[in-house]
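Scroll down for the structure; my scribbles are underneath it.
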4 protein chains.
Amino acid sequence: MYVPVILGTAREGRESGKVARFVLGEARKFGFESEVLDVRDYGVPATDRSGGSPAAKRLAEKVSRADALIFVSPEYNHGYPGELKMMVDLLVEEYAGKPAAICAVSSGAVGGARMVEQLRLVLIQLRVVNVPEAVYFPEVGKLFDADGEIIDRESFSRRANRMLADLSWHAGALKAARGKK
Amino acid sequence: MYVPVILGTAREGRESGKVARFVLGEARKFGFESEVLDVRDYGVPATDRSGGSPAAKRLAEKVSRADALIFVSPEYNHGYPGELKMMVDLLVEEYAGKPAAICAVSSGAVGGARMVEQLRLVLIQLRVVNVPEAVYFPEVGKLFDADGEIIDRESFSRRANRMLADLSWHAGALKAARGKK
Amino acid sequence: MYVPVILGTAREGRESGKVARFVLGEARKFGFESEVLDVRDYGVPATDRSGGSPAAKRLAEKVSRADALIFVSPEYNHGYPGELKMMVDLLVEEYAGKPAAICAVSSGAVGGARMVEQLRLVLIQLRVVNVPEAVYFPEVGKLFDADGEIIDRESFSRRANRMLADLSWHAGALKAARGKK
Amino acid sequence: MYVPVILGTAREGRESGKVARFVLGEARKFGFESEVLDVRDYGVPATDRSGGSPAAKRLAEKVSRADALIFVSPEYNHGYPGELKMMVDLLVEEYAGKPAAICAVSSGAVGGARMVEQLRLVLIQLRVVNVPEAVYFPEVGKLFDADGEIIDRESFSRRANRMLADLSWHAGALKAARGKK
């Protein structure tokens, strides 16, 4: 199964990049074909919603092929980053009937839980199935060592695998049904 | 497929009762086995969350057997009715992996859309799959005639059927996968 | 200033009761006149929204007199407890133009942040001003000792006082303006 | 009082531009000094959150001077436009203690109500006071004539004025209190 990791912030010095790499590794170990789709590589001018831009076409190709999606994103002011919303809004049909899980990154203790809720409501409208298991990365500044390795690997691996298993179950169920449409 | 309609308000004079009867009729015509589960019949004291009450046991039996759920509820102050939340919170495992659709009732023009969003987030936590198609019944005081029949039947039937088809597709996909668990 | 603490769960064995007592103590030390309004004492049948019940009248009297409100509530399935919503929905005009702060209680790590978001949206509709400072009590089972005293008093006092100061500022601003209406 | 209108979509052919012009006219008739702050004029690269860009500085100047804010924005996939979120996230302190009202634009019947809810939660975090009166512009494609004039002017003027009066009351209350800080 092809399950890309969408990295939802373009900010300089983003900690979420470390989280995305960790999640990518876990997804591959789990058995998914995966890669990071970096919001930096899918930007289009805010005036353009045609879906005709090269970035939109590349994203359409990736999402069409995907069996499931993983979002890794920080919370900014209790919501999702604007650049992530712009990327998500580029497509419509390509998401339909596919499951998604969200990994939330936060410098504070609450761990991005508000962003998860807002993003879930956006995804439902795109006919994405929200997987209940989310992984929260609170106080992210303390979670990785100087080499960018996650310090409490065992605990976060366990949580990531619970999410991946949940995603895999939903992906299987929905893929079988999409095939019959 | 057994797809009960959960009527989410206990208020005297509730207009949502008419909506629930309309939706029940449409669900049966669509081919679902259905009945109304009235929040009035599933009340327990607010002190009791044991799941051990007779009401909780009856609800568990219904939800366990359900292939999908339809909620019919008004919006009170941009949220769901408290009695509906108490009913929903009675169970945990019984909901898992089943789809739900929401019909929103409102005396105003916006049609209960805020309630839908709040309830969806609750349902995700219970491992329910939210179906994107919702049906909104705005300005409900004008929608039914003196006999309780919906006036613009054709339009609301069309919307209800879009929702029911969406629910049916998800129910089939998830039922097949739950069977394999 | 009179600033009651609304305790939003009626559940047997509720941990939020300890939090409400702690917050009550802090509110009094801050200089507010305060008391706990326990959702257990303001229940009415779910069929009754007339505002004519004795409980609704008692609540109307308290909220009318209040300069600000503090909610202490757990998160159940990412939402507010049903009994709290029923209590809140009993009144309309009495809340208008008054500020509220929310203390969120959770057995998990995220600390009730989703409940805060849902409740805030309900309160806006009631013309309540949401104070941005919230206090989160995550993993509440570990926060109090056997005597019901909060263990890390200094840290939680500091957060509570930040919230109380914020509430006080808004209460002063709005009270002055309500007086001129 | 200076109350700018923030136009929250940059999309080509945006209908919200007409709504913003209508709201601007009403704000001026109400007695506010106003102008449209167009999200197109405040874009910065998604990598830059320094607040040091010329656009961020210009915005900081406008918001610092503002007594209140009016947002005019469409709903995209049940959320706010990404470019609006990027603009909002440019600042922090400048918003504190000021009220905001939201005008929601939608091509559908629900009128952008979901966007309002998500944006309100973002604004609370920025210490903005959400004014309960919102104005919804549903099925916006039918609301303006060929000259860009709103067709049902009387009805929308009445709603806009209710919102402006609400905003004015909050702005007065909060301005007096900010001055005393």
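Below, read A as the first sequence line, B as the second, and so on, with proteins coming before strands; counting in each chain starts at 1.
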Between C/Tyr76 and B/Gln125, is any side-chain donor less than 3.5 angstrom from a side-chain acceptor?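 Checked: C/Tyr76/B/Gln125 side chains show no N/O donor-acceptor pair below 3.5 Å.
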
Whether over 12 other heavy atoms sit under 6.0 Å from [X] [atom1]:
X: C/Glu35; atom1: CD; answer: yes
X: C/Glu33; atom1: CD; answer: yes
X: B/Lys57; atom1: NZ; answer: no

C/Arg14 versus chain B, the contacting section by heavy-atom distance below 4.5 Å: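 Neither the backbone nor the side chain of C/Arg14 comes within 4.5 Å of chain B.
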
Top of C/Met86, C/Arg114, C/Arg11 for chain B proximity - count of heavy-atom pairs under 4.5 angstrom: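 Maximum pair count with chain B is reached by C/Arg11.
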
Rounded to the nearest 0.5 Å, how far apart are [atom1] of [X] and [atom2] of [Y]?
X: C/His78; Y: B/Leu126; atom1: NE2; atom2: CG; value: 9.0 Å
X: B/Tyr80; Y: C/Asp89; atom1: OH; atom2: CG; value: 11.0 Å
X: C/Asn77; Y: B/Ile124; atom1: CG; atom2: CD1; value: 12.0 Å

When you look at B/Leu121 and C/Gln118, which way does the side-chain contact (heavy atoms from CB on, under 4.5 Å) test go after all the steps? CA-CA 10 Å; B/Leu121 293 173; C/Gln118 294 206 354; 3.7 Å; yes

Ignoring hydrogens and angles, tell me if any N or O in the side chain of C/Glu12 forms a donor-acceptor pair with the backbone of B/Thr47 under 3.5 Å.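 Side chain of C/Glu12 to backbone of B/Thr47, a donor-acceptor pair under 3.5 Å: no, none is there.
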
Carefully, step by step, assess C/Lys85 and B/Glu83 under the rule side-chain contact (heavy atoms from CB on, under 4.5 Å). CA-CA 8 Å; C/Lys85 183 61 163 36; B/Glu83 61 267 32; over 6 Å; no

